[in-house]
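Remarks on the structure that follows.
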Amino acid sequence: MFGSKALDDDELEEIEEILFTADIGVKTAQKLLEYIEKELSRKDKSRPEKILGGLQEKIRSMLSIETKPLDFESNKPLVILVVGVNGTGKTTTIGKLAMRFTDEGKKVILAAGDTFRAAAAEQLQVWAERTGAQLIRGQEGGDPGAVVYDAISAAKSQNADLVIADTAGRLHTKVNLVEELKKIHRVCGKAMPGAPHEVWLVLDATTGQNAINQAKQFHKALELTGMILTKLDGTAKGGVIIGIADTFGIPVRFIGIGEQAADLRRFDSEAFVKALFT
Amino acid sequence: SLSDKLGLTFKRLKGHGKLSESNIKDALRDVRINLLEADVNYRVVKDFIASVKKRAMGKEVLASLTPGQQFIKIVNEELISLMGGKAGELDLAARPPVAVMLCGLQGSGKTTSVGKLAHMLKKMGRRPYLVPADVYRPAAIEQLTKLAGDLDVPVFPSTTGQDPVEICRQAMEKAEVQNNDVVLLDTAGRLHVDEDLMQELLNIKREIQPKQILLVADSMTGQDAVNVAERFDEDLGVDGVILTKTDGDARGGAALSIKAVTGKPILFVGTGERMDAMEAFHPDRMAGRILG
Ligand SMILES: Nc1nc2c(ncn2[C@@H]2O[C@H](COP(=O)(O)OP(=O)(O)OP(=O)(O)O)[C@@H](O)[C@H]2O)c(=O)[nH]1
Ligand SMILES: Nc1nc2c(ncn2[C@@H]2O[C@H](COP(=O)(O)OP(=O)(O)OP(=O)(O)O)[C@@H](O)[C@H]2O)c(=O)[nH]1
Ligand SMILES: [Mg+2]
Ligand SMILES: [Mg+2]
C-alpha cells in the first residue's frame with residue numbers, strides 16, 4: 001500500500017500489519033509510514049532494526065503529553081468526573097482508583113452518578129466497601145446531578161480529599177445523554193467552583209476506530225483532561241490512543257490490566273510502545 | 001461513502017476507454033482502505049480483496065460498458081455473501097427446557113442481552129428462566145435479578161458463594177419443575193486467553209449441553225475481534241453471535257471479521273439499552289454500513 005526506498009516490500013508489509021492489527025488506524029498508520037519514508041529511510045538506508053527503533057521513538061513522542069500531576073493541595077476536595085461509552089470499565093476503574101488513593105492515606109468519596117442502569121449503585125457500593133471509600137448514592141432513576149452535588153457537599157463538610165463521580169455509560173451519538181453529562185459537569189461547578197478538576201474518558205482497549213469518535217465527542221462536550229485505557233490484559237493493543245493523543249492532546253493517565261482493585265497502572269508510554277511491537 | 005470514492009476513481013478512468021489492471025488495482029486499494037477504516041481485520045481484508053480482485057480482473061468488469069458500477073456491484077455481492085447471505089435463526093428445537101448460554105468478553109452486553117432475549121421469547125409465547133451464573137462481578141446477580149423483575153420473568157436465586165456450574169445445573173432442574181421451556185444462562189465476562197475461565201465455560205457446556213452457545217460481541221470491537229471469536233469458537237464451539245451497541249456510529253467491521261473467521265451466523269443485533277432494543281440481524285444492512 002505504501003512505498004519505501006529503504007525497506008523492501010515484505011519488511012514494509014510486516015510493519016504495516018503490526019500497525020494495523022494494533023488498531024492504529026489508517027490515518028495514523030499513513031502518517032507513521034510517511035515518517036519512515038521521509039525521516040528514517042534517508043538516514044538509515046541499510047538498517048531495518050534502526051528504522052523500527054526510530055518508529056517506536058516517534059510513537060512515544062506522539063504519546064508524551066505534558067501532564068500536570070493531580071493537585072490535591074489547591075483543590076480540596078479534588079473532583080474527578082469519569083465518563084465513557086457503555087461497558088468500558090468506568091465503575092471498576094473508579095473502584096481501582098479508590099483503592100490507590102485510600103492506600104495513599106486520602107479520604108475518598110464515591111458518587112454513584114449512574115442512576116439509570118440496573119444495580120449500578122449496588123456495584124459501586126461493593127467497591128466502596130472493598131476500598132474503604134464512602135459512597136454517596138441516590139434513588140434508582142433519580143437525577144444524577146443531584147447525587148454528584150450531594151457527594152461534593154459531603155466531601156466539603158467532611159474535609160475529604162477526593163470525590164470520584166461515576167456516570168452511566170452512554171454512546172457519544174446520543175445527544176440527550178451527552179447533554180445530561182454537560183449538566184452534571186455544570187452541577188459540579190455549582191457545588192464547588194472549579195469542579196470538576198479532572199474529566200477522564202474510559203476507553204476499552206478492544207475498541208477499534210470508533211474510539212476516535214468517542215474521544216472527539218466527549219472532548220467537545222466536556223473538555224477531557226485524561227484517558228484511561230482498560231482491558232489491556234487481553235490481546236488488544238489499544239493503538240487507537242496514538243491518533244487520539246496526537247490529534248486532541250489528551251494524555252493517558254492510567255491503564256487497566258485486570259478486574260481486581262490492584263489492576264491499575266500509571267501509563268508508561270515506553271512499555272506501551274514496546275507491547276505494540278511484541 | 002465507498003461508492004462515492006469508487007465513483008470518483010472510475011470517473012477518472014472514463015475517458016480512457018477500456019479499463020486496465022492498474023485501474024482495478026487503484027479501486028481495490030480504495031476498498032481496502034475503506035474496510036480497514038471500518039475495523040475489518042487486516043487479514044480478513046487481505047482475503048476479501050483477493051476474492052474481489054479475481055472477479056474484478058475478469059471479463060465481468062474489464063469488458064463492461066459500465067466498469068465502475070460493475071466493480072461496486074461485485075464488492076457488494078462479495079461482502080453480503082461473506083456476511084452470511086440470509087439471516088440466521090435461534091435454534092430451540094429440543095426437548096424443553098432448552099438451554100441457551102451467553103458468553104463473551106467483559107462488558108460486551110451479555111447480561112443486558114439475556115434480558116432482551118427473555119423479552120423476545122416471552123412475546124413469542126415462551127416461558128424463559130433467567131440464570132445469573134456470574135459470581136465474580138460485583139452486583140452481577142442483582143443486575144440480572146432486577147432485569148428479571150422488570151420483565152416479570154422468573155430468575156434463579158444465585159449467590160456469589162456458589163459455583164457457576166452448580167448454579168446452572170440446579171437452575172435446569174428448577175426450570176423442569178417450574179415448566180419453563182427456555183433457560184438463559186448469563187455467564188461472567190472473561191478473556192479468551194484466560195484458561196481457567198474458558199475451562200469454566202467448557203464445564204458448564206459439559207454439564208448442561210446447551211442447545212445454543214451465543215458469543216456476545218461489541219460492534220465497536222477493532223482488530224481483536226478475530227482473536228476473540230477464533231478462541232471462543234475453537235475452545236468452546238459457538239452456534240451464533242449477538243452483536244451489541246449497534247445504535248452507535250461504529251462501522252461494525254468486527255461483524256465481518258467474526259463471520260469470516262468462525263463461519264457462524266450473527267443472529268441478533270443490540271440497538272439500545274432497553275429490553276426491547278434487539279432485532280434480527282440483516283446481512284445486507286450490515287454490509288452497507290461497513291462499506292460506509
Ligand atoms: N479484563 C479486564 N476487565 C475489566 C477491566 N476493567 C473493567 N473490566 C471488566 O469490564 C466489565 C465492565 O466493567 P464496568 O466497570 O461495569 O464498566 P462500566 O463502564 O462502568 O459499564 P457501564 O456502567 O454499564 O457503562 C466488568 O466485567 C469489569 O470487571 C480491565 O482492565 N481488564
Ligand atoms: N447503547 C447500547 N448499550 C448496550 C447495548 N447492550 C448492552 N448495552 C450496555 O452496555 C453496558 C454493558 O452491558 P452488560 O450487559 O452489563 O455487559 P456484560 O457483558 O454482561 O458485562 P460483564 O458481565 O461485566 O462482562 C451496559 O451499560 C448496557 O446497558 C446495546 O445494544 N446498545
Ligand atoms: Mg458503570
Ligand atoms: Mg454481565
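Convention: sequence-line order gives letters A, B, ...; per-chain numbering from 1.
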Inset, instruction - Sort B/N227 into side chain, backbone, both or neither according to what part of it lies under 4.5 angstrom from a heavy atom of chain A. - result: side chain

Legend entry - Contact origin within B/D150 toward chain A - heavy atom pairs under 4.5 Å: neither

Inset, instruction - Select one option (side chain, backbone, both, neither) describing which atoms of A/V85 are under 4.5 Å from chain B's heavy atoms. - result: side chain

Legend entry - Region of A/E140 that comes under 4.5 Å of a non-hydrogen atom in chain B: side chain

Legend entry - Region of B/R137 that comes under 4.5 Å of a non-hydrogen atom in chain A: side chain

Inset, instruction - Assess whether side-chain contact (heavy atoms from CB on, under 4.5 Å) is satisfied between A/R117 and B/Q143, documenting all intermediate values. - result: CA-CA 8 Å; A/R117 208 208 67 215; B/Q143 184 185 1; 3.6 Å; yes

Inset, instruction - Output yes when A/K27 and B/E37 qualify as a salt bridge under the 4.0 Å nitrogen-oxygen rule, no when they do not. - result: no

Inset, instruction - Could you tell me whether B/K46 and A/E13 have a side-chain N and a carboxylate O separated by less than 4.0 Å? - result: yes

Inset, instruction - Carefully, step by step, assess B/Q106 and A/D233 under the rule side-chain contact (heavy atoms from CB on, under 4.5 Å). - result: CA-CA 11 Å; B/Q106 292 88 347; A/D233 46 319; 5.5 Å; no

Inset, instruction - Check whether more than 12 heavy atoms from other residues, nucleotides or ligands sit under 6.0 Å from atom NZ of B/K122, and answer yes or no. - result: yes

Inset, instruction - Report the distance from atom OG1 of B/T221 to atom CG of A/D23, rounding to the nearest 0.5 Å. - result: 9.5 Å

Legend entry - Under 4.5 Å from any heavy atom of chain B - which part of A/K174: side chain

Legend entry - Close side-chain approach of A/N213 and B/M220, heavy atoms under 4.5 Å: no

Inset, instruction - Hey, could you give me the NZ/CD distance between A/K237 and B/Q223, rounded to the nearest 0.5 Å? - result: 12.5 Å

Legend entry - Closest non-hydrogen atom pair between B/G248 and A/T173, with its separation: CA-OG1, 3.8 Å

Legend entry - Options B/G107, B/A139, B/P138, ranked by heavy-atom pairs under 4.5 Å with chain A, top entry: B/P138

Inset, instruction - Take atom CD of B/E234 as the centre, draw a 6.0 Å sphere, and report whether it contains more than 12 heavy atoms from other residues, nucleotides or ligands. - result: yes

Legend entry - Engaged part of B/R231 at the chain A interface, taking heavy atoms whose separation is under 4.5 Å: neither

Legend entry - Contact origin within B/I141 toward chain A - heavy atom pairs under 4.5 Å: neither

Legend entry - Spatial distance of atom CG (B/D218) from atom OG1 (A/T207) [nearest 0.5 Å]: 6.0 Å

Inset, instruction - Indicate the atoms forming the closest heavy-atom contact of B/K146 with A/A118, along with that distance. - result: CB-CB, 4.0 Å

Inset, instruction - Any chance you could lay out the side-chain contact (heavy atoms from CB on, under 4.5 Å) test for B/L191 and A/K231, step after step, and finish with the verdict? - result: CA-CA 9 Å; B/L191 297 176; A/K231 309 179 196 173; 5.6 Å; no

Legend entry - Which of A/V240, A/T91, A/N210 touches chain B most, by non-hydrogen pairs under 4.5 Å: A/N210

Legend entry - Any side-chain heavy-atom pair of B/L36 and A/Q209 under 4.5 Å: no

Legend entry - Distance in Å, B/E273 CD paired with A/L177 CG, rounded so as to fall on 0.5 Å steps: 7.5 Å

Inset, instruction - Would you give the length of the straight line joining atom OG1 of B/T112 to atom CG of A/N86, rounded to the nearest 0.5 angstrom? - result: 8.5 Å

Inset, instruction - Drop me the distance from B/R43's CZ to A/E17's CD, to the nearest 0.5 angstrom. - result: 4.0 Å

Legend entry - Neighbour count >12 (heavy atoms, 6.0 Å) for atom CZ, B/R285: no

